[in-house]
Protein chains: 2
Amino acid sequence: MDRATTPTRPAGRPRSSVDATVFAATLDTVHQLGYAHATVDRIAAAAGVAKTTIYRRWPSKGALITACLVDAFGPAPLTGASREEIMSTAIRWIAAKIGEPGIGAAFAGVFTDAVNDPALRQLLSAQLQDPYQLALQEALGEPEKRVLFFIDVVVGTLLHRMGMTGEPMDDADVDALVEMVLLTLR
Amino acid sequence: MDRATTPTRPAGRPRSSVDATVFAATLDTVHQLGYAHATVDRIAAAAGVAKTTIYRRWPSKGALITACLVDAFGPAPLTGASREEIMSTAIRWIAAKIGEPGIGAAFAGVFTDAVNDPALRQLLSAQLQDPYQLALQEALGEPEKRVLFFIDVVVGTLLHRMGMTGEPMDDADVDALVEMVLLTLR
DNA sequence: TTATTACGATACTTCAGGTATCGATACTAG
DNA sequence: CTAGTATCGATACCTGAAGTATCGTAATAA
């Protein structure tokens, strides 16, 4: 196991750097078994790590999944010559991400858990939604309320399709979604 | 307790008609405690009924919630002089329903459960989505794929807002949603 | 060498969905 | 009025999963 090498290393045994391994095992397990059956025990086993090690890093399953999604999404590509192009690129990017194996199910699952867990809802909002919302606000020059509305529309639509069919939205419908949002953005 | 009076009553003690009581207790419990803490035990207690009685009528918590929602929604008001008016009326109707105490949380919760339970997903689709989808297809004269897309957009958006904020969407944003869908419908 | 901290393993607690059992009750049929 | 049948409430139980506690062992700094 490789180690975390910090400039000022504190005393004691250093934490083994297992984040990447655990994230990969998490997505893999969710992909294969679904969110509900992807227990922390199974994720730990798949990562070759003890369950206690996971709970030392993330305080709950929801927090683990959230961190995993933040890692998987990375920064949004808010590129384009116009606001329309930026919005179009962003929608297609999130649609593609949600279509990746494990990510859509993990997203729908943690969202679902968050509905009845205010602490998790706040975490999800702060870690996953706020950064993209702020970046979009900046890139589009739209007020917060309007950007939040667009996020509800795009992410809600994609997750609803994923939840009802078990499959990510096909390209034709993603095109329709882009078109619909652009008509309103203009 | 009043009884179910069937024309040809079968032998044995007749079932007490508790559906309405149980549905009311279900929405009330979900409203007060949230979906996850609204356990079948608590719902049964609130309805003044044994848990076994509930499981004799509905095979799972998901099935109970689904039946409860079907009962709460009732038939959609697909009225209006034009397709635009029909769509507008339908969107405002479902938005208002999801805003009623307990219904939004119950909907989000059972949707959430369905993501990882194919049997429940099929039940939810058959009992809750298909009737409205078919009626909309008929009323709007749009192909199935397009109606399904509209349902994903409208319901997905409303549930995402409900899930992320804990509050139903306000009137201004429902207006924006109607406007957005109508721009695409035209 | 010692103090400190993380590690894996394992047992445990809590809670919720769902099942099984049982005596009591409300009917129908004769 | 009696026998048969199916439901009722109550209760105990099983299973699975999140999260906690404990403990001996391993890795590092001083």
Side-chain angles (χ1 to χ4, degrees), chain A residues 1-19 21-22 25-26 29-30 33-66 106 109-110 112-114 116-117 119-120 123, chain B residues 1-19 21-22 25-26 29-30 33-66 106 109-110 112-114 116-117 119-120 123:
Chain A
M1 258 187 260
D2 42 351
R3 309 292 155 194
T5 51
T6 327
T8 66
R9 188 175 302 181
R13 177 176 178 169
R15 289 197 161 185
S16 47
S17 48
V18 295
D19 289 21
T21 309
V22 171
T26 300
T29 307
V30 169
L33 304 178
Y35 183 83
H37 293 302
T39 67
V40 177
D41 278 286
R42 280 194 256 261
I43 291 171
V49 147
K51 185 166 72 156
T52 42
T53 297
I54 289 188
Y55 276 104
R56 272 184 208 107
R57 285 166 172 73
W58 301 279
S60 66
K61 179 179 176 180
L64 166 63
I65 303 282
T66 301
V110 75
T112 252
D113 276 4
N116 294 291
D117 183 342
L120 179 56
L123 184 73
Chain B
M1 259 187 258
D2 41 353
R3 310 289 158 198
T5 50
T6 326
T8 65
R9 189 176 300 184
R13 175 176 181 169
R15 289 197 161 184
S16 47
S17 49
V18 296
D19 288 22
T21 308
V22 171
T26 300
T29 307
V30 169
L33 305 177
Y35 182 83
H37 293 303
T39 67
V40 177
D41 279 285
R42 280 194 255 261
I43 291 171
V49 148
K51 186 167 72 156
T52 42
T53 297
I54 289 188
Y55 276 104
R56 271 183 209 105
R57 284 165 173 73
W58 303 279
S60 66
K61 178 179 177 179
L64 166 63
I65 302 283
T66 302
V110 74
T112 248
D113 276 4
N116 293 292
D117 183 342
L120 178 57
L123 184 73

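On a predicted model such as this, the values are computed, not experimentally measured, just so you know. Chain A is the first sequence line, chain B the second, and so forth, proteins listed ahead of strands; every chain is numbered from 1.
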### Query
Any idea which of D:dA17, C:dG8, D:dT20 is nearest the A:K51 side chain?
D:dT20
## Note on the structure
Winner on side-chain proximity to B:R13, out of D:dT7, D:dA18, D:dT5, is D:dT7
### Task
Could you work out which one of C:dC27, D:dT28, D:dC8 sits closest to the side chain of B:R15?
D:dC8
### Query
Counting N and O atoms only, with roles assigned by atom type, does the side chain of A:T53 sit under 3.5 Å from a partner on the main chain of A:V49, one being a donor and the other an acceptor?
no
### Task
Send over the distance from A:I54 CD1 to D:dA21 P, rounded to a whole Å.
18 Å
## Note on the structure
From CD1 of A:I65 across to P of D:dG19 the rounded distance in Å is 11 Å
#### Entry: Backbone N/O of A:G34 and side chain of B:N116: donor-acceptor pair under 3.5 Å
no
#### Entry: Candidates C:dG8, D:dT20, C:dC7 - which lies nearest the side chain of A:S16
C:dC7
### Query
CD1 of A:I43 versus P of D:dA17: gap in Å, rounded?
11 Å
### Task
Identify, between B:D117 and B:A11, the residue whose nearest nucleotide on DNA chain C lies closer to the 5' end.
B:D117
### Query
In whole angstrom, what separates B:Y35's OH from C:dG17's C1'?
11 Å
### Task
Please round to the nearest 0.5 Å and tell me the distance separating atom OG of A:S16 and atom CZ of A:R57.
5.0 Å
### Task
Using a cut-off of strictly less than 4.0 Å, decide whether B:R56 has a side-chain nitrogen or oxygen near OP1 or OP2 of D:dC8.
yes
### Whole angstrom value for the distance that separates P of C:dC7 from OH of A:Y55
16 Å
### Task
Check if the side chain of A:K61 and the base of D:dG19 share a donor-acceptor pair of N or O atoms closer than 3.5 Å.
no
### Task
With rounding to the nearest 0.5 Å, note down the distance linking OG1 in A:T26 to CZ in A:R42.
13.5 Å
### Query
Hey, which of these two, B:G12 or A:A36, hits DNA chain D nearer its 5' end, going by closest nucleotide?
B:G12
### Task
Return the nearest nucleotide to the side chain of B:R57; candidates are D:dT28, D:dC8, D:dA18.
D:dC8
### Task
Indicate whether OP1 or OP2 belonging to D:dA17 is found under 4.0 Å from a side-chain N or O atom of A:R42.
yes
### Query
Hey, does A:T52 reach any base, or is it just sugar-phosphate, or nothing, if we go heavy atoms under 4.0 Å?
base
#### Entry: Atom-pair distance (CG on A:D41; C1' on C:dA11), nearest Å
12 Å
### Message
Given 3.5 Å as the limit, does a donor-acceptor pair link the side chain of B:K61 with the main chain of B:A38, or not?
### Response
yes
#### Entry: Nearest-Å distance for atom pair CG/C1', residues A:L33 and D:dG16
14 Å
### Query
Base, sugar-phosphate, or nothing for A:A50, non-hydrogen atoms under 4.0 angstrom?
base
### Query
B:W58 has an atom CH2; how far is it from atom P of C:dT19, in whole Å?
15 Å
